[in-house]
Amino acid sequence: DDACKSYSKWTADVNNLATLGSQFYRYSFSWPRILPNGLPGDSGEGINWEGVAFYNDTINELLEAGIEPMVTLFHWDMPQALQELGGSTSPLLPSWFVQYADLCFKLFGDRVKYWMTFNEPQTVADCYESGLCAPGILNPGIGSYQVVHQQLLAHAAAWHLYNTTYRASQGGKVGIPIAAQWFEPQNSDQKNIDAANKGLQFNVGWLLSPLLKTGNYPDVMIYTVGNVSRDQGFTKSRLPQFTPEEQKQLLGAVDFVGLNYYTARLAKHTIQVTTNPPSFYTDMSIIEHSDRDWPRAASLWLRVVPWGIRRMLTWASGEFDAVPGMEWMITENGYSSAPEEPLPCQDSWDLHRVQYLTSHLDQVLRAIKEDGVHVTRYTYWALMDNFEWTDGYSKNFGLYCTAFADPGRWRAPRYSAAVFARIIQDHGLALPDVQRFLARQ
């Protein structure tokens with residue numbers, strides 16, 4: 001239950017950030033920590049002021065250390081009272097979320113200038129495809145689409161609230177971080193090129209087309225899910241529809257986009273599946289796989305594909321351009337390793353993580369310098385090892401290791417932390433050892 005114990009060790013974490021030279025820290029507020037029952041109440045009776053005090057303390061400590069707080073409002077912990085009313089699939093979600101966001105803007109917006117609404121709506125949706133992660137509900141091909149639909153509407157409601165009520169006085173920005181896996185055609189066959197584009201639209205376009213292109217889902221999703229739904233005997237598409245007014249509210253309702261990039265997949269054409277039961281993946285109907293030559297991380301899904309991050313940045317910024325000068329960020333990018341034995345891990349020369357970090361930063365730089373993408377921030381996942389969802393403590397992403405076997409949960413820097421600190425200090429990759437790592441890619 002303690003995970004990495006950041007609730008009690010946050011001052012040490014801020015010190016570690018300062019040691020790295022971090023200019024900002026992306027972290028998440030817990031909705032139920034601030035509002036245990038989900039809503040503030042008419043007179044604020046639903047507010048947990050102890051939770052508010054904790055976030056005030058962390059914000060102030062970060063600012064005193066010269067580190068800008070960058071806050072995600074929802075990172076998958078829905079208040080239980082709201083989950084029992086439908087959670088992210090409920091049409092009431094926009095109303096619930098905007099009350100929570102309003103409170104946060106009011107309490108913390110004088111100091112927090114970068115807000116993110118929902119972390120990776122597609123990943124929350126995927127939990128409804130498998131039923132294996134929170135909230136543990138299996139509703140493939142229906143619940144998954146409802147999750148993204150309602151989270152998009154809730155995001156837009158929060159953005160418009162900030163834009164009309166808080167922007168002039170607080171001067172901040174509101175964005176959204178999305179899962180951004182690259183899809184590469186298996187070869188130059190046009191059918192495989194189309195399959196890769198279909199994968200990109202079903203995953204990235206699902207979020208960004210409503211916000212930065214048309215105000216609606218990608219055409220390929222509307223057409224495909226509609227036709228497959230009909231063939232399955234549904235009277236209407238399983239993909240929800242936005243009203244004309246909702247489309248107007250969505251289009252342009254974002255100040256920056258965060259891309260959470262870890263890896264890429266090869267895409268191959270296959271026939272469209274129309275059989276029951278419904279599923280997001282059978283709707284998408286492409287064959288995904290990895291090149292056997294791509295290096296593996298500890299996580300089975302994570303292959304090291306640095307060029308994918310550049311292609312994602314270049315494609316996304318060109319495909320979704322309804323807002324001129326859109327600010328793009330890498331809000332997650334990281335490499336998993338197995339737990340070191342024995343600890344302490346300050347003796348860990350995690351060269352594979354260093355290779356991953358430097359090779360991906362090199363590709364981000366190329367996207368900026370050679371492709372003209374307006375990338376403003378890069379965030380490594382993660383500062384320290386933490387509880388990695390269904391992987392628990394078996395996969396480590398941290399620049400700092402966490403001693404999960406020790407009640408104190410002490411942290412220690414890996415070699416990658418020293419390399420990352422040097423990159424921040426030099427504001428670049430001009431390091432002899434880094435250049436050697438890049439030469440191996």
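Residue numbers run from 1 in the order of the sequence given. Values in this document were obtained by computation on a predicted structure and should not be read as measured data.
Taking all atoms of both residues into account, the shortest heavy-atom contact from I59 to P69 is CG2-CG, 4.1 Å. Taking every heavy atom of both residues into account, G199 and I286 meet most closely at CA-CD1, 3.8 Å. Between L211 and L250, the shortest heavy-atom distance links the atoms CD2-O, 3.4 Å. Here the closest non-hydrogen pair linking A179 and T123 is CB-OG1, 4.2 Å.
The one candidate from T402, N386, D13 that meets the side chain to side chain donor-acceptor pair (under 3.5 Å) condition with S6 is D13. Each of R414, R411, R409 was compared with D385 under the side chain to side chain donor-acceptor pair (under 3.5 Å) criterion, and only R414 meets it.
Using a cutoff of 4.0 Å between basic side-chain nitrogens and carboxylate oxygens, D371 and R366 are not scored as salt-bridged.
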task = Evaluate salt bridge (charged side-chain N to carboxylate O under 4.0 Å, His left out) for K213 paired with E319, printing each intermediate quantity in order.
result = CA-CA 8 Å; K213 191 168 186 178; E319 179 77 6; 2.7 Å; yes
query = Please walk me through it: do Y262 and N333 pass side chain to side chain donor-acceptor pair (under 3.5 Å)?
reply = CA-CA 5 Å; Y262 290 89; N333 179 235; over 6 Å; no
request  = Would you please test K198 and D283 for salt bridge (charged side-chain N to carboxylate O under 4.0 Å, His left out) and show each step?
outcome  = CA-CA 10 Å; K198 191 177 183 184; D283 288 342; over 6 Å; no
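Annotation: the span from Y27 atom OH to L383 atom CG amounts to 13.0 Å, rounded to 0.5 Å. Here the CG atom belonging to L259 is positioned 8.0 Å from the CD1 atom belonging to I309, to the nearest 0.5 angstrom. Between the CZ atom in F404 and the CG atom in N396 there is a gap of 6.0 Å [rounded to 0.5 Å]. To the nearest 0.5 angstrom, C4 atom SG is 14.0 Å from Y400 atom OH.
Side chain of N37 to main chain of L39: no donor-acceptor pair is present (N/O by atom type, distance under 3.5 Å, no hydrogens or angles). Between the D126 side chain and the Q122 main chain, no donor and acceptor come within less than 3.5 Å of each other.
For H352 and Y356, the distance between ring centers is not under 6.0 angstrom.
Relative orientation of the Y380 and F420 rings is tilted, given thresholds of 30° and 60° on the angle between their planes.
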